[in-house]
Every structure is written in structure tokens, then in C-alpha cells.
Amino acid sequence: MAIFRIKRYNPEKRPDAYYEDFEYDFPEGATLLDCLNHIKWTQDGSLTYRMSCRSAICGSCGMKGNGHALLACQRQAAQLLKSGDQVITVEPLGNMPVIKDLVTDFKEFWEKVDQVKPYLQNKEKAPEQERQQSPEEFRKIDATSTCIMCGACYSDCNTLEVDKNFLGPAALAKAQRFVGDSRDHATRERIKELSKPGGMWDCTHCGECVERCPKPAEPFYRIKELMEVALNEGVTHNNGARHALSFVKSVKHSGRLNESKIPIESVGYFNIKGLLELVPVGLRMLLKLKIPPIFHKPIDDAKDVKRIFEEFGE
Ligand code: SF4
Ligand code: SF4
Ligand code: FES
């Protein structure tokens, strides 16, 4: 017998959220969604969640199982039972307000998708038939085209937890869908927009969105592709791009990071305001004796690292 510990919330009845346990001896092969349906249909009809296709296609049944975002119709309940434990914790998606039980408000999610202008911008007159792509061209946007807008990546994104201004993985993946599209003519404008605060460079590279994405869209890899386009297009007048370039320069020259120089190069040598903002952090590090060495020493085999860069034509 498994216990489904479900986070309940109904502001019309009670102001706070709480957990309620439901027992269900689910049959082999039952998905989490099958179990929720059984609980709703036989134990508590007020249990609220979204569902539609039951086939991991519509993206509506996103929720958290044991603390991680997933599609309830895609995950078998048995896979969520940890050995020796009979409890499966079910909660609404994170980083969004909860409307009721497992139903969250996607308003901000959609606003951020809108922000990246998720439509083709082509300055040429529309042809009589469709604008075509070669299979190679399509391959560049194939992965991100599989996104079903389920919000799983958005729910578990670590940056969004501390910065609501961040566009988030789904919107950035959607942006790559058009930046990488051979028929789109707004690459540079898009990349400039995406390089502003809250854009691609605010991703912390944690990779959590790749773990949570139920499709091959894998947002973090799409964000890396956007960053590559930004560097190739020379859109580097921002902290994020400067940080990436400084990072590479440091490793290339000494085989490791020059932690005194990278913050300064990231902010920019002539950015007086930005440099002054570094002072309190530097002082705090000094007081905690965490200041990096002023004289940067290369690793013993730095020439081998340089050789790797040369082999990659850097
Ligand atoms: S890799 Fe970036 S976008 Fe993905 S979850 Fe981490 S911080 Fe968010
Ligand atoms: S990128 Fe993946 S996890 Fe994020 S909304 Fe799209 S399908 Fe869902
Ligand atoms: S019900 Fe459609 S993705 Fe789960």
C-alpha cells in the first residue's frame, strides 16, 4: 500500500497549504496521473490538477513528485517509491503561484515566452508556398521544437528561485528556436535583447532544467547555443559575455582561473560604477581571509593547456 502525500491548497476554505495522505494500492504500470485519478474518483473529488492527453504530449500535468518536477502521466508511480519507503510526495510546480492544490498560475511563464518574440521575423515577402529549410538547417532547431511548454524546467530552475526577472529555461529555449532558425532575420536584435539582465547570461549553468525536461528540448544546452551565437556575433558588451571571455583567457594563459582578475574583467575596466560595486564584496572576502592571491601563478603544465586551445583553433 502506497501513501500519496499531496500538498493541498484551497484559499476559499483555508488560508494555508497543508499535506493530506491518501492510501492506494496501485496496480503495476500505473502512472502517477492514474493514481491521482483513482484518488480523485474514489476518495476525494475536490482534488484538483490539470491533465489532458495522458501521453506526455500536451504538457498540462506538470507537478512535483518527491521534490522534482515531472509529468504525472509519464512517470510510473512505482519509480517514485524509494526503497523501504511507501510515501510519494506530490506537490505543485515551483516558481509559480498556486491557484488550487496542484494547479499553478502560468501567467509569468507565458509573459516571459512572449518577451522573446516567439515567432518568425523574416523581412522578405512571403512566398506563395511555405519558406523551406534543408534537413541540416532544421536539425539546429529540432531539439527545441519538441518543447511542450510543461513548465517542469521553470519550476526547478535555481536562478528563478532567487531572481524573478530571469527569463527562465523554457523562454530561452524558445528564443533559440528562432535564433537558430535559418529563415529568421532578427538574430542580432534577438541576441542583444537576450544579453540584457535577466537573459541568457544569468543562467548559473546548474543543468537542473536538462534533468527535468521530459523532452529532448533540454533548455540548458539551448542556452549554451545562444551564448555561442552571442560571442560569434560580437555581442559582448555585457557582464555575462565578458565573464565568459575572461574565463577562457585565464585558463588559456595559466591553466586555471585568475580569481582576482575575472570579476574586474567581467564588469569591464572602464565601468567605474560596476568596479565600485565590487569593493564591498572584496572587503568582505578580505575580512574572511578568502581573498585570492594577488600574484597569479600558472599551473606547472600550463603549456599543455595552451596546446589544447591551439588544437581547437582558439
Ligand atoms: S541551467 Fe540555467 S536555466 Fe537551467 S535550471 Fe540551471 S540556472 Fe535555470
Ligand atoms: S523545455 Fe522541457 S521542461 Fe521546459 S517547458 Fe519545454 S518541455 Fe517542459
Ligand atoms: S496529461 Fe498531457 S502531458 Fe500529461
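Atoms within a ligand are numbered from 1 in the order they appear, just like the ligands themselves. Along the sequence shown, the residues carry numbers beginning at 1. Quantities reported herein were computed from a predicted structural model and do not represent experimental measurements.
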(message) Atom NZ of residue position Lys192 - does it have more than 12 heavy atoms of other residues, nucleotides or ligands inside 6.0 Å?
(response) no

(message) Could you check whether Tyr154 and Lys112, counting side-chain N and O atoms only, form a donor-acceptor pair closer than 3.5 Å?
(response) yes

(request) Could you list the atoms of ligand 1 found under 4.0 angstrom from a heavy atom of Thr204? (result) 2 (Fe), 7 (S)

(message) Under 3.5 Å, is there a donor on one side chain and an acceptor on the other for Ser182 and Gln133?
(response) yes

(request) Look at atom NZ of Lys117 and say whether more than 12 heavy atoms of other residues, nucleotides or ligands are closer to it than 6.0 Å. (result) no

(message) Around atom 4 (Fe) of ligand 3, how many protein N, O or S atoms are found at less than 2.8 Å?
(response) 2

(message) Show, in sequence, the C-alpha distance, side-chain angles and deciding distance for Leu71 and Leu33, and conclude whether the side chain to side chain contact (heavy atoms under 4.5 Å, CB included) test is met.
(response) CA-CA 8 Å; Leu71 292 179; Leu33 183 61; over 6 Å; no

(request) Distance to 0.1 Å, residue and atom name: give those for the protein heavy atom nearest to atom 4 (Fe) of ligand 1. (result) Cys209 SG, 2.3 Å

(request) With heavy atoms of Ile223 as the reference, note each atom of ligand 1 found under 4.0 Å away. (result) 3 (S)

(request) Mind telling me whether Phe106 and Phe109 have parallel, tilted or perpendicular rings, with 30° and 60° as the class edges? (result) perpendicular

(message) For atom 7 (S) of ligand 1, what is the closest protein heavy atom, and at what distance to 0.1 Å?
(response) Thr159 OG1, 3.1 Å

(message) Strictly by side-chain hydrogen bond (donor to acceptor under 3.5 Å, both in side chains), give each pair with a member in residues 277-296 just once, sequence neighbours left out.
(response) Ser254-His296, Lys273-Glu277

Identify each donor-acceptor pair in which a side-chain atom of residues 11-27 lies under 3.5 Å from a protein atom, sequence neighbours left out, and give them as a table.
{"residue": "Arg14", "atom": "NE", "partner": "Asp16", "partner atom": "OD1", "Å": "3.0"}
{"residue": "Arg14", "atom": "NH2", "partner": "Asp16", "partner atom": "OD2", "Å": "3.4"}
{"residue": "Tyr19", "atom": "OH", "partner": "Glu91", "partner atom": "OE2", "Å": "2.5"}
{"residue": "Glu20", "atom": "OE1", "partner": "Arg8", "partner atom": "NH1", "Å": "2.9"}
{"residue": "Asp21", "atom": "OD1", "partner": "Arg5", "partner atom": "NE", "Å": "2.8"}
{"residue": "Asp21", "atom": "OD2", "partner": "Arg5", "partner atom": "NE", "Å": "3.4"}
{"residue": "Asp21", "atom": "OD2", "partner": "Arg5", "partner atom": "NH2", "Å": "3.0"}

(request) Tell me yes or no: between the side chains of Tyr221 and Glu225, is some donor less than 3.5 Å from an acceptor? (result) no

(message) Side chains of Ser145 and Asp142 only: does a donor on one sit below 3.5 Å from an acceptor on the other?
(response) no

(request) In sequence, state the C-alpha distance, the side-chain angles, and the governing distance for Lys174 and Thr144, and then conclude on side chain to side chain contact (heavy atoms under 4.5 Å, CB included). (result) CA-CA 7 Å; Lys174 183 58 84 183; Thr144 189; 5.7 Å; no

(request) Distance to 0.1 Å, residue and atom name: give those for the protein heavy atom nearest to atom 2 (Fe) of ligand 1. (result) Cys203 SG, 2.3 Å

(message) Using a strict cut-off of 2.8 Å, how many protein N/O/S atoms surround atom 6 (Fe) of ligand 2?
(response) 1

(request) Would you check, one step at a time, whether the test side chain to side chain contact (heavy atoms under 4.5 Å, CB included) holds for Leu70 with Met63? (result) CA-CA 6 Å; Leu70 45 73; Met63 59 186 70; 4.2 Å; yes

(request) Tell me which protein heavy atom sits closest to atom 8 (Fe) of ligand 1, plus the residue, atom name and distance to 0.1 Å. (result) Cys157 SG, 2.4 Å

(request) Mark yes when over 12 heavy atoms from residues, nucleotides or ligands other than Glu228 sit less than 6.0 Å from its CD; otherwise mark no. (result) no

(message) Using a 4.0 Å cutoff against the non-hydrogen atoms of Gly207, which atoms of ligand 1 qualify?
(response) 1 (S), 6 (Fe)

(message) Working note: Leu245 + Arg242, criterion side chain to side chain contact (heavy atoms under 4.5 Å, CB included); need CA distance, chi angles, decisive distance, verdict.
(response) CA-CA 5 Å; Leu245 292 171; Arg242 279 193 293 259; 5.6 Å; no

(request) Go through ligand 1 atom by atom and flag the ones less than 4.0 Å from a non-hydrogen atom of Phe220. (result) 1 (S)

(message) Quick check on atom 6 (Fe) of ligand 1: does Cys206 put an N/O/S atom closer than 2.8 Å to it?
(response) yes

